[in-house]
There are 2 protein chains.
Amino acid sequence: MYGMNSITSRQQEILEFIKQRRNEGQPPSAREIAEHFGFRSPGTVADHIAALRRKGLLKNSFGQARSAEAVSPFPLQRRPLVDIPLYGVIPAGFARDQVQEAQGCISVDVETLGIRPTARTFALEIRGDSMIGRHILNGDFAILEHGVTPCSGDVVAALIDQESTLKTYVLQKGKSYLRAENPKYPKLIPANELVVQGVMVGLIRKMKHE
Amino acid sequence: MYGMNSITSRQQEILEFIKQRRNEGQPPSAREIAEHFGFRSPGTVADHIAALRRKGLLKNSFGQARSAEAVSPFPLQRRPLVDIPLYGVIPAGFARDQVQEAQGCISVDVETLGIRPTARTFALEIRGDSMIGRHILNGDFAILEHGVTPCSGDVVAALIDQESTLKTYVLQKGKSYLRAENPKYPKLIPANELVVQGVMVGLIRKMKHE
DNA sequence: ATTCATGCCGTACATATGTACGGTTACCAA
DNA sequence: TTGGTAACCGTACATATGTACGGCATGAAT
């Protein structure tokens, strides 16, 4: 006996192909796999699928079209994703079904950010360095959640002068303020009449690297 | 005529269902949609699919199983994802097919991080505050790319004393050093003999928020 | 009243797709 | 040699699945 438990290079190729196609859209059908590798028989693919199943590397439902799914090289390979709409400026009102203003979309798996798919989650590109004291930089993407009551010390997005800005929410002696985390912006703004658009729950930074 | 161009609530429901199922794994078949909504005819689903296509909200290939795909409410709805293995400590050697040591997996869409799917991308959970000067905190996840030659000023992961640490790579007078970005760690380590494991290209932060 | 889109039912059909079965070749091990 | 696995080919067959066609009811617009 040889290669009983380890994966062969051919099987590796096929597994990679399936994973790739899944990420691009649909998992491939058996005949699509056959065509890609030049097989003239769908049975050949079935053999490989069976081998990959035996070795616990692939999962698929019996008789279901395009159901091949790679079992995690990692404990959990594909987790539920959230599609987070990306706004440049937060609109004043949150109309539930008006997502037209979204400028883009960020997809991150839920586990990574520790977010429950609230559907009230959105992203905001940071402008300025007013929150550098909290290590939030210009160009970062803040992940926020709408409809959560902020605690003191939370970073929140609020609408000030038609512009949404990120600030620290401070509760002091029963009064709430917004504080910038940069000595250049020493202002403490009363937050009584302000609309808090969301509480920050995560951050994504893209390093400029050309 | 009424409702010619706008989407009806029923169609909205079906579109949402398709999008949800896509995110969870496979797009649904027509009969699965029918079952979910209590339709007793696949033709009903076909009608809705046709309507959604007419309105440019759905895309699907003719005759292909499970190919329903929502056309972006955003410019691009589902983009290619990268599955980034998450290591606690980077192993000394990078064996191409040994991914067992991965402790988890982060899924982010490529566009967001501006990464080409190099398959040599990995993630690392930050320990310590040695890079606080670059606004990288304890508990952050660094996204790194292996096999890239670092430029001066890049943040890199290097293996020091069996531990991988994040440092700034500095090229000075033809010599290369590693520098911590924290006054508490004022050391400048010669990088000649060091193995640079990867260059940092992105960062993901999860705010502790219970 | 007439027309048209929506929203559904049933049935039927074409094909896309998974799966089974038998055969072939090559390689490795006992 | 004998046995087992891998890796293919061909040809079926069962079913999963998309699609077409005709029909019915409702509500809105003309």
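FYI, side chains are in, hydrogens and waters are out, and symmetry mates aren't considered; it's all heavy atoms of this structure. Keep in mind that what you see is a predicted model, and the values were worked out from it rather than measured. Below, read A as the first sequence line, B as the second, and so on, with proteins coming before strands; counting in each chain starts at 1.
Taking atom NE2 of residue B:H36 and atom P of nucleotide C:dC8, one finds them 13 Å apart after rounding to whole Å. Computed from coordinates, the B:E13 CD to C:dC8 C1' distance equals 14 Å when rounded to whole Å. Here C:dT17 presents its P atom at 12 Å from CZ of A:R21, a figure rounded to the nearest Å. Here D:dT17 presents its P atom at 11 Å from CD of B:E35, a figure rounded to the nearest Å. Atom CD1 in B:I33 sits about 11 Å away from atom C1' in D:dG18, given to the nearest Å. Following rounding to the nearest Å, B:R54 (CZ) and C:dC4 (C1') show an atom-to-atom distance of 11 Å. Atom CG in A:L15 sits about 13 Å away from atom P in D:dA7, given to the nearest Å. Distance B:I49 CD1 to C:dG7 C1': 14 Å, rounded to the nearest Å.
Annotation for A:P28 and A:R21: closest pair CD-CB, 3.6 Å, computed over non-hydrogen atoms.
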Do nucleotides 8-13 of chain D as a string where each nucleotide becomes B, S or -: B if the base has a protein heavy atom under 4.0 Å, S if just the sugar-phosphate does, - if no protein is that close.
-> BBB-B-
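Under the 30°/60° scheme for interplanar angles, the aromatic rings of A:F17 and A:F37 are found to stand perpendicular.
By the salt bridge (Lys or Arg N to Asp or Glu O under 4.0 Å) test, A:D129 is found to be paired with A:K184, residues two or more places apart in sequence or in another chain being considered. A search for salt bridge (Lys or Arg N to Asp or Glu O under 4.0 Å) contacts involving A:E16 returns A:K19, not counting sequence neighbours.
Aromatic rings from A:Y177 and A:Y169 are positioned such that their centres are separated by 6.0 Å or more.
Put simply, B:R53 has no side-chain N or O that comes within less than 4.0 Å of OP1 or OP2 on D:dT19. Within the structure, a side-chain polar atom (N or O) of B:T8 is placed less than 4.0 Å from OP1 or OP2 of C:dG7.
Once rounded to the nearest 0.5 Å, the distance linking CD1 of B:I204 with CZ of A:F141 reads 12.0 Å.
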